[in-house]
Amino acid sequence: MPIATDGDWITATSVAEGRTWRVRFVDDLLRATPDALPDLFRLSDPVYATANAPGRRAVIIDRTVRSLFGSRFAGLFERFGIDPVWIEADGGEGSKNLAQYNELAARLLALDLDRRGEPLILIGGGTITDIGGLLAATLYRGMPAVRIPTTLLGLCDAGIAAKVGVNHAGVKNALGTFAPAPLALHCLELCATESERHTAAGLAEIAKVALTEDVALWNMLISHGRELRERRMQHPVGREVLWRAILPMLTELADNLREARLWRTMNFGHSVSPTFEMAPGATLSHGEWVAIDMALSVVLSTQRGSLAPDLCREILSVLGRTLGLPLWHDLLADPGLLRSALRSTTALRGGRLRLPVLLDVAKVEFVDDVDLGDLERAATELRSRSAELGCCATRDEEVIG
């Protein structure tokens, strides 16, 4: 079976390649002890058997995360016999580039790491797991890595993703590869220090999975989304929400690791958003652009007669009011950017748009017959609807990746 669950573990195995990677849910990770969790850092792949011995580890950690949790991670590593070599890195999408990749690679190469016995440990948000994952995939042609995501977006998306990479020449994730980490440790308590805005951005990726795959998860967001946002996921249903969001993504990766199949439900919310996220003047985070992309798609689907108007209103209201996400940015009114997004998406999807649009919750179809005029009409209506909901502010606060 490509996906197996056992207690706190989710194990995914690539159908095509037989590669296995695992996600472990850990309550109160920073207090963990070897007596209670002796196999906490254990890699199951026999190729990395020597990585399970105590010893030195290069730890790439977000600077902000180290200031918040550094001493507690140091205590965790000491209890488990790990001797950390701390390497601080900058978070945020603007730092996910070749310059930081080169700097980190030079520091890692200077350590003369054992490519099998000294796995990297990556601690931070999506920027750290993306750039650190690329380092693990390319350093000595491949090293194991343990990911410890510290943001909700990292927990439900980048921390479990197979794709790793950096931005280059104004293109999001232009350079990268497919390299799932053999182990990810998931602790919701690490999200407690996030801002409400960052939690909302993570909930956008969860909403993507709910809308395309899981009616029950969508209903949980309707009922508890506001509390999940306001309480930074520290809520009785937080763990179940995260678990349900992760399973479909891991299932997709296990069955389609290298995207041989280009019609993917996980592309919902990721059709125009990559272009806009990297555009000059863009001020929103990845999750916020995903929310806008989903909203645009929902309006487009309703205009095509594929989605019921009442459901369109419900989805926009949940995204905007319940989850606190923006539904509009003024850049969306730029036809040049919309045209670029169509062109870029078509190129990435094998010469066809393969745009996922909703027919109902957990019911998706893929369409190719969407042109610039269709997107402009959808954007015009979305602007009006987002204004009615009060969810069209362009916010300029710093966004941490």
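Values in this document were obtained by computation on a predicted structure and should not be read as measured data. Residues take their numbers from the sequence shown, with the count starting at 1.
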J.: With side chains defined as the heavy atoms from C-beta onward, is the minimum distance between Leu250 and Ile160 less than 4.5 Å?
T.: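 Sidechains of Ile160 and Leu250: in contact.
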
J.: Start with the C-alpha gap between Leu353 and Val367, add the side-chain angles, then the distance that decides, and say whether side chain to side chain contact (heavy atoms under 4.5 Å, CB included) holds.
T.: CA-CA 7 Å; Leu353 190 56; Val367 300; 5.7 Å; no

J.: Do Ser285 and Glu93 get their side chains close enough for a donor-acceptor pair, meaning under 3.5 Å?
T.: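 Result is no, nothing qualifies.
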
J.: Measuring from atom CD1 of Ile87 to atom CZ of Arg66, what distance do you get when rounded to the nearest 0.5 angstrom?
T.: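 Interatomic distance, Ile87 CD1 to Arg66 CZ, rounded to 0.5 Å: 10.5 Å.
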
J.: Parallel, tilted or perpendicular, judged at 30° and 60°: which one describes the rings of Phe80 and Phe41?
T.: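 Plane angle over 60°, so perpendicular.
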
J.: Please name the pair of heavy atoms, one in Ala200 and one in Arg229, separated by the smallest distance, quoted to 0.1 Å.
T.: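 In this case the closest contact between Ala200 and Arg229 is CB-CD, 3.9 Å.
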
J.: Flag the pair Arg377 and Glu381 as a salt bridge only when some basic side-chain nitrogen lies within less than 4.0 angstrom of an acidic carboxylate oxygen.
T.: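 Salt bridge between Arg377 and Glu381, a charged N being under 4.0 Å from a carboxylate O: no.
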
J.: Does this structure show an ion pair linking Arg244 with Glu240, if we count only N-O contacts that are shorter than 4.0 Å?
T.: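 Looking at Arg244 and Glu240, the cut-off is met.
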
J.: Checking side-chain polar atoms at under 3.5 Å, does Trp218 have a donor or acceptor matched by the opposite partner on Glu213?
T.: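 Short answer, no.
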
J.: Using 4.0 Å as the upper bound for N to carboxylate O, is an ion pair formed by Arg24 and Asp39?
T.: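 Salt bridge flag = yes for Arg24 with Asp39.
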
J.: Let me know which of Asn167, Val166, Asn97, Val164 forms a side-chain contact (heavy atoms from CB on, under 4.5 Å) with Leu175.
T.: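 It is Val166, the one option of Asn167, Val166, Asn97, Val164 that forms the side-chain contact (heavy atoms from CB on, under 4.5 Å) with Leu175.
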
J.: Answer yes when Lys172 and Glu277 have at least one side-chain N-carboxylate O distance shorter than 4.0 Å, and no when they do not.
T.: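 Judged by the 4.0 Å cut-off on N to carboxylate O distance, Lys172 and Glu277 do form a salt bridge.
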
J.: Measure across Val370 and Leu342 and return the closest heavy-atom pair with its distance rounded to 0.1 Å.
T.: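 In this case the closest contact between Val370 and Leu342 is O-CD2, 4.2 Å.
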
J.: Can you see which heavy atom on Ser297 is nearest to which on Pro356, and at what distance?
T.: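 Shortest heavy-atom contact: OG-O, 3.3 Å.
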
J.: Between Arg383 and Asp330, does any NZ, NE, NH1 or NH2 come within less than 4.0 Å of an OD or OE carboxylate oxygen?
T.: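 The answer is yes: the pair qualifies as a salt bridge.
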
J.: Can you give me the closest heavy-atom contact between Val357 and Leu300, atom names plus distance?
T.: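 Scanning both residues, the minimum pair turns out to be CG1-CD2, 4.5 Å.
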
J.: When you check the side-chain N and O atoms of Thr20 and Thr13, is any donor under 3.5 Å from an acceptor?
T.: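 The criterion, which ignores hydrogens and geometry beyond distance, is satisfied for Thr13 and Thr20.
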
J.: Walk me through it: do Ile148 and Phe73 pass the test side chain to side chain contact (heavy atoms under 4.5 Å, CB included)?
T.: CA-CA 11 Å; Ile148 306 178; Phe73 272 113; 4.1 Å; yes

J.: Charged N to carboxylate O under 4.0 angstrom, Asp27 versus Arg239?
T.: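 Result for this pair is yes, salt bridge flagged.
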
J.: Find the distance between CG (Leu43) and CG (Asn52) and round it off to the nearest 0.5 Å.
T.: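 Going from the CG atom of Leu43 to the CG atom of Asn52 covers 5.0 Å.
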
J.: Decide, yes or no, whether a salt bridge links Glu17 with Arg258 under the criterion of side-chain N to carboxylate O below 4.0 Å.
T.: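 Salt bridge flag = yes for Arg258 with Glu17.
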
J.: Is any NZ, NE, NH1 or NH2 atom of the basic residue among Arg304 and Asp369 found under 4.0 Å from an Asp or Glu carboxylate oxygen of the other?
T.: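 Yes.
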
J.: Indicate whether the side chain of His270 and that of Ser273 have a donor and an acceptor atom separated by less than 3.5 Å.
T.: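 The criterion, which ignores hydrogens and geometry beyond distance, is not satisfied for Ser273 and His270.
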
J.: Less than 4.0 Å between a side-chain N and a carboxylate O, is that true for Arg63 and Asp90?
T.: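 Between Arg63 and Asp90 there is a salt bridge, with a charged N closer than 4.0 Å to a carboxylate O.
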
J.: So which heavy atom on Ala279 is nearest to which on Leu331, and how close?
T.: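 Shortest heavy-atom contact: CB-CD1, 4.2 Å.
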
J.: Less than 3.5 Å apart, any donor N or O on the side chain of Glu205 or His286 sitting next to an acceptor on the other?
T.: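 Yes, because at least one side-chain N or O of Glu205 sits under 3.5 Å from a partner of the opposite role on His286.
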
J.: Between atom CG of Leu348 and atom CZ of Arg354, what is the distance when rounded to the nearest 0.5 Å?
T.: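 The CG atom of Leu348 sits 11.5 Å away from the CZ atom of Arg354.
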
J.: Side-chain contact, heavy-atom cut-off 4.5 Å: Val237 with Met220?
T.: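 Side-chain contact under 4.5 Å: yes.
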
J.: Output yes when Arg261 and Glu252 qualify as a salt bridge under the 4.0 Å nitrogen-oxygen rule, no when they do not.
T.: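 A salt bridge links Arg261 with Glu252.
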
J.: Is the Phe77-Trp86 ring centre distance short of 6.0 angstrom?
T.: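 Centroid separation for Phe77 and Trp86: below 6.0 Å.
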
J.: Determine, step by step, whether Arg349 and Ser271 satisfy the side chain to side chain donor-acceptor pair (under 3.5 Å) criterion, reporting the C-alpha distance in whole Å, the side-chain angles of both residues, the deciding distance to 0.1 Å, and the verdict.
T.: CA-CA 10 Å; Arg349 297 177 187 170; Ser271 295; 3.2 Å; yes

J.: Are the side chain of Ser317 and the backbone of Arg313 linked by a donor-acceptor contact shorter than 3.5 Å?
T.: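 Looks like no, no N/O pair under 3.5 Å.
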
